[in-house]
Amino acid sequence: MKKVGIIGVGEYLPKKVLTNADLEKMVDTSDEWITTRTGIKQRRMVGRGEATSDLAIKAAKRAIAETSIKPEELDLIIVATITPDMAFPSVACLLQNALHAKHAISFDISAACAGFVYAIAVAQQFIARGGCRNALVVGAEVLSSITDWKDRNTCVLFGDGAGAAVLAEAKSGGILSTYLGSDGSKADLLRLPGGGSRHPATQATIKKRLHFIKMQGNELFKLAVTTMANAAQQALKRAGMECKDIDMVIPHQANMRIILAMAKKLGLAKEKIYFNIAKYGNMSSASTATALCEAVKEGRIKKGDVVLLDAFGSGLVWGACVIRW
Ligand code: UT7
């Protein structure tokens with residue numbers, strides 16, 4: 001099996017900023033509540049007419065520009081998203097067309113907030129087994145399109161953005177282990193009930209607000225802490241490593257308190273964790289993707305460092321990945 005590494009990263013955040021002060025004018029909330037309960041100060045929002053593929057294209061172009069690979073040389077494109085431009089075709093196919101990556105196999109992955117880690121694990125398999133030479137993996141979301149702006153329990157949490165990574169054969173290091181899991185018995189805890197084949201869009205589904213995120217935050221909170229801590233331990237075990245060997249953790253950014261509680265369970269110092277939740281909120285698959293990109297760009301991840309990606313989300317799904325940078 002070939003070794004597989006990440007050779008380029010890129011991100012794109014839409015320009016419009018929605019602050020906690022803006023939300024105070026929209027629902028019964030406060031900057032104090034949002035900051036202390038979640039760690040979020042602001043989030044980015046798409047402009048009118050801007051969709052998930054528009055963000056994905058910009059992040060992907062930046063990641064590809066960091067490599068010597070030309071778009072027409074891409075063998076595989078995977079987009080992790082729960083907010084595609086439309087039910088079909090996939091965002092990956094729209095991206096393939098925009099990049100003129102005409103030789104790439106293209107498909108989307110639906111694994112919510114763990115989508116970017118899932119996509120990396122799938123791309124790794126394709127390259128390691130020799131089926132593809134390289135892969136473009138993107139986490140892109142326009143969560144503002146499925147956010148109920150009248151529900152203070154959820155509307156303060158989410159944001160829009162995209163992050164991308166290019167994977168290719170590595171001479172040394174690269175992805176040392178992956179660990180993925182799921183538990184569909186808890187699917188009800190976080191879902192978008194309307195617009196699929198169960199509840200196709202009708203005036204009644206719109207009236208019942210079924211086309212917006214429904215979440216039982218409290219239940220998820222506890223599960224997120226234990227599941228992410230366990231996923232980290234399992235991925236490290238598969239890599240033959242321990243927590244002390246990690247240089248930088250890139251966790252899913254759902255809630256600052258979830259990340260800190262997970263870190264406490266693992267005995268991880270805060271300095272070894274990358275946070276971008278204050279700036280962007282929870283962007284589902286795009287959270288880990290942008291956090292990885294920013295950590296690299298800011299020099300928080302250097303060549304030879306051991307990086308842990310760790311994510312958890314609706315499904316339930318979870319995934320962790322250990323990478324020697
Ligand atoms: O992305 C992956 C999966 N997602 C997650 O893992 C999310 C996990 N959950 C969370 O991050 C937290 O549960 C939340 C941030 C969603 C909520 O925080 P919490 O500390 O669990 O609050 P809560 O839901 O227990 O609500 C506490 C109180 C309630 O009032 P009462 O019933 O105690 O009077 C809520 O109505 O806070 C109230 N509340 C708010 N107050 C002001 C809920 N949302 C707001 C708000 N502003 N925006």
Side-chain angles (χ1 to χ4, degrees), residues 18-43 80-83 109-118 139-144 146-161 163 180-192 212-232 250-263 265 275-278 280-291 309-320:
L18 188 74
T19 64
N20 291 350
D22 295 328
L23 282 162
E24 283 176 351
K25 293 175 203 140
M26 295 160 66
V27 286
D28 179 15
T29 191
S30 65
D31 173 46
E32 202 262 334
W33 191 96
I34 302 170
T35 306
T36 54
R37 297 291 182 117
T38 71
I40 302 166
K41 296 298 282 182
Q42 59 182 48
R43 62 291 287 146
T81 188
I82 49 167
T83 49
I109 278 185
S110 174
C113 305
F116 186 66
V117 181
Y118 262 64
E141 304 286 4
V142 177
L143 293 181
S144 60
I146 55 169
T147 296
D148 187 343
W149 295 104
K150 289 188 172 163
D151 177 12
R152 72 172 183 173
N153 290 292
T154 53
C155 76
V156 301
L157 303 173
F158 303 110
D160 304 334
L180 305 179
S182 61
D183 178 6
S185 73
K186 297 192 174 63
D188 281 352
L189 294 181
L190 181 51
R191 64 206 166 97
L192 180 75
F212 298 125
I213 297 169
K214 310 288 175 205
M215 183 173 87
Q216 292 176 45
N218 243 316
E219 274 303 301
L220 278 173
F221 189 107
K222 288 172 262 176
L223 288 164
V225 175
T226 52
T227 308
M228 284 173 72
N230 182 54
I250 308 291
H252 173 51
Q253 316 268 326
N255 188 316
M256 177 76 114
R257 290 185 297 131
I258 291 177
I259 301 171
L260 293 177
M262 175 202 71
K265 259 184 178 293
F275 296 95
N276 66 8
I277 186 167
Y280 308 136
N282 179 351
M283 302 184 290
S284 193
S285 68
S287 276
T288 35
T290 57
L309 302 183
D310 195 356
F312 166 87
S314 163
L316 303 175
V317 287
W318 54 87

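Atoms within a ligand are numbered from 1 in the order they appear, just like the ligands themselves. Just so you know, these numbers use all the heavy atoms, side chains as well, and skip hydrogens, waters and symmetry mates.
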**Asked** Taking the non-hydrogen atoms of T38, is any one of them nearer than 4.0 angstrom to ligand 1?
**Response** yes
[atom]: any protein heavy atom closer than 4.0 Å:
| atom | value |
| --- | --- |
| atom 46 (C) of ligand 1 | yes |
| atom 32 (O) of ligand 1 | no |
| atom 19 (P) of ligand 1 | yes |

Measure across [X] and [Y] and return the closest heavy-atom pair with its distance rounded to 0.1 Å.
| X | Y | answer |
| --- | --- | --- |
| W149 | V27 | O-CG1, 3.4 Å |
| C113 | F312 | CB-O, 3.2 Å |
| A320 | V117 | N-CG1, 3.8 Å |
| M283 | E141 | O-CG, 3.1 Å |
| I250 | A291 | CG2-CB, 3.6 Å |
| A80 | S285 | O-OG, 2.8 Å |

Report, in ascending order of atom number, the atoms of ligand 1 lying under 4.0 Å from any heavy atom of [X].
| X | value |
| --- | --- |
| V156 | 48 (N) |
| C113 | 1 (O), 2 (C) |
| F312 | 2 (C) |
| H252 | 1 (O), 2 (C) |

How does [X] reach ligand 1, if at all, at less than 4.0 Å between non-hydrogen atoms: by side chain, backbone, both, or neither?
| X | answer |
| --- | --- |
| L190 | side chain |
| I258 | side chain |
| N282 | side chain |
| N153 | both |

**Request:** I would like to know whether N230 and T227 meet side-chain hydrogen bond (donor to acceptor under 3.5 Å, both in side chains); could you show each step before the answer?
**Result:** CA-CA 5 Å; N230 182 54; T227 308; over 6 Å; no
**Request:** Consider only side-chain N and O atoms of T290 and N276, and report whether a donor and an acceptor are under 3.5 Å apart.
**Result:** yes
**Request:** Report yes or no: do Q42 and T19 form a side-chain donor-acceptor pair below 3.5 Å?
**Result:** no
Please list the nearest protein heavy atom to [atom] with its residue and the distance rounded to 0.1 Å.
| atom | answer |
| --- | --- |
| atom 48 (N) of ligand 1 | R152 O, 2.9 Å |
| atom 9 (N) of ligand 1 | G217 O, 3.0 Å |
| atom 11 (O) of ligand 1 | N255 ND2, 2.7 Å |
| atom 5 (C) of ligand 1 | A254 CB, 3.9 Å |
| atom 16 (C) of ligand 1 | M215 CE, 3.6 Å |
| atom 37 (O) of ligand 1 | W33 NE1, 3.3 Å |
| atom 25 (O) of ligand 1 | N218 ND2, 2.6 Å |

**Asked** Where the closest heavy atom to atom 27 (C) of ligand 1 is concerned, which of E219, R37, E24, E32 has it?
**Response** R37
**Item:** Over 12 non-hydrogen atoms of neighbours within 6.0 angstrom of NZ in K265
**Value:** no
**Message:** So, applying side chain to side chain contact (heavy atoms under 4.5 Å, CB included) with I40, which one of T35, V156, I34 is it?
**Reply:** I34
**Prompt:** If you measure from the Lys or Arg side-chain nitrogens to the Asp or Glu carboxylate oxygens, is any gap between R43 and D160 under 4.0 Å?
**Reply:** no
